[in-house]
Amino acid sequence: MRILVVEDDRRLAELLRRGLVAEGFAVEVAHDGHTGLHLAAEDAHDVIVLDVMLPGLNGYRVCARLREAGVWTPVLMLTAKDGEYDEAEGLDTGADDYVTKPFSYVALVARLRALVRRGRPARPALIRVGDLQIDPATRCCRRGTADLQLTAREFAVLEYLARRDGEVVAKAEILAHVWDEAFQGDVNIVEVHVSSLRRKIDAPFGRHSIQTVRGVGYRLAADAPGR
């Protein structure tokens, strides 16, 4: 089994390399993001151990670019940062697991073996609504041949509506799914994001794909007849 370790701390990288070789893995090492991206894209590996704080290109961007390029090798993020937002960012960019330093080496090896057993994840299917194409894997959206620049929250709202294609989705459902049920802010935040989406995915193309169902919520269709 081949493992790529991308870690800028050379001492830690060498300790990992020696330990993993002793466990029976073949190990390749990179010490910066650009080299790690190149090796991950060019060579076949069973799993990638990817530090977040890397010179040149951080681990989040390395992982995101691999997924954009169609490389679905399992990725275990390794970082000194802690907190649920760091973990969420790693997983949102396409990582399969996440370990915070300092970590248990035994637990790390167990997680790596679990990822290898699980194998490469299938690429999430594209979601199409008319000529609107949503890619959950790369977090990209296109209308025809035009790339659309959406914020993370706008993308999440659009993806949720697209997965419920043709259905009326209540504002409360969108709020609970895209934010969370404990959200204490203004519920009109949903309207703000829907309005922003309309300016980006509909108005420039003369479309009306996001339809308002008054008193209920919103519906996404190929080209709804008005709002």
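In this structure a side-chain-to-backbone donor-acceptor pair under 3.5 Å is missing from H45 to R2. Here the side chain of D51 pairs no donor or acceptor atom with the backbone of L54 at under 3.5 angstrom. When atom types are taken as modelled, the side chain of N188 and the backbone of E191 share no donor-acceptor pair closer than 3.5 angstrom. K200 contributes a side-chain N or O that, together with a main-chain N or O of Q149, makes up a donor-acceptor pair within less than 3.5 Å. Between the side chain of D46 and the backbone N or O of V116 there is no donor-acceptor pair closer than 3.5 Å. Side chain of Y105 to main chain of L15: no donor-acceptor pair is present (N/O by atom type, distance under 3.5 Å, no hydrogens or angles). Of the possible donor and acceptor atoms, none in the side chain of D32 sits under 3.5 Å from a partner among the backbone N and O of D8. Judged by distance alone, the side chain of E154 and the main-chain N or O of T151 form a donor-acceptor pair under 3.5 Å.
In this structure the side chain of C140 never reaches within 4.5 angstrom of the side chain of D147, judged on heavy atoms. Looking only at side-chain heavy atoms (C-beta outward), I3 and E28 stay at 4.5 Å or farther from each other. In this structure, the side chains of V190 and V157 stay at 4.5 Å or more apart for every pair of heavy atoms. Between L4 and D43 the shortest side-chain heavy-atom distance does not fall below 4.5 Å. When side chains are defined from C-beta on, Y98 does not count as touching L78, because their heavy atoms never get closer than 4.5 Å. For the pair R17 and V5, the minimum side-chain heavy-atom distance is 4.5 Å or more.
Atom CG of residue L126 and atom SG of residue C141 lie 11.0 Å apart, to the nearest 0.5 angstrom. Residue L148 holds its CG atom at 7.5 Å from CD1 of I201, rounded to the nearest 0.5 Å. To the nearest 0.5 angstrom, E159 atom CD is 12.0 Å from L220 atom CG. Summarising the geometry, atom CZ belonging to R219 is positioned 12.5 Å from atom OG belonging to S209; distances are rounded to the nearest 0.5 Å. Summarising the geometry, atom CG belonging to D131 is positioned 8.0 Å from atom CZ belonging to F205; distances are rounded to the nearest 0.5 Å. Taken from CG in L112 to CG in L16, the straight-line distance is 9.0 Å, to the nearest 0.5 Å.
Nearest approach of A95 to C63, heavy atoms of both residues: N-SG, 3.5 Å. The nearest pair of heavy atoms linking A222 to R143 is O-NH1, 4.2 Å. Taking every heavy atom of both residues into account, I48 and A40 meet most closely at CD1-CB, 3.7 Å. Considering all non-hydrogen atoms of both residues, L39 and V29 come closest at CD1-O, 4.2 Å. The shortest non-hydrogen separation linking V168 to G217 is CG1-N, 4.2 Å. Nearest approach of L50 to G59, heavy atoms of both residues: CD2-O, 3.3 Å.
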Inset, instruction - Applying side chain to side chain contact (heavy atoms under 4.5 Å, CB included), run through R142 and L132 and close with a yes or a no. - result: CA-CA 6 Å; R142 307 184 79 188; L132 189 65; over 6 Å; no
Legend entry - Intermediate values then yes/no, side chain to side chain contact (heavy atoms under 4.5 Å, CB included), F25 and V47: CA-CA 10 Å; F25 293 99; V47 65; 5.5 Å; no
Inset, instruction - Kindly determine whether W72 and L66 satisfy side chain to side chain contact (heavy atoms under 4.5 Å, CB included), including the steps that lead there. - result: CA-CA 7 Å; W72 295 96; L66 287 174; over 6 Å; no
Inset, instruction - Check the pair M77, V52 against side chain to side chain contact (heavy atoms under 4.5 Å, CB included), reporting the backbone distance first and the verdict last. - result: CA-CA 7 Å; M77 285 280 195; V52 168; 3.8 Å; yes
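Look at R118 and D96 and you find no salt bridge, because none of the NZ, NE, NH1 or NH2 atoms lies under 4.0 Å from a carboxylate O. A salt bridge links E23 and R113; the closest N-O separation between the charged side-chain nitrogens and carboxylate oxygens is under 4.0 Å. Using a cutoff of 4.0 Å between basic side-chain nitrogens and carboxylate oxygens, K101 and E7 are scored as salt-bridged. With respect to R18 and E14, a salt bridge is recorded, a charged nitrogen being found less than 4.0 Å from a carboxylate O.
Linking ILVMFWY side-chain heavy atoms closer than 4.5 Å, directly or via other members, places F103 and L76 in a single hydrophobic cluster. Note: the hydrophobic cluster containing V21 also contains M1 (ILVMFWY, side chain heavy atoms under 4.5 Å, direct or indirect links).
Residues T212 and R198 have side chains that bring a donor and an acceptor to within less than 3.5 angstrom of each other.
With Y218 as the partner, the side-chain contact (heavy atoms from CB on, under 4.5 Å) test is satisfied by one option alone out of L197, V169, V213, V194: V194.
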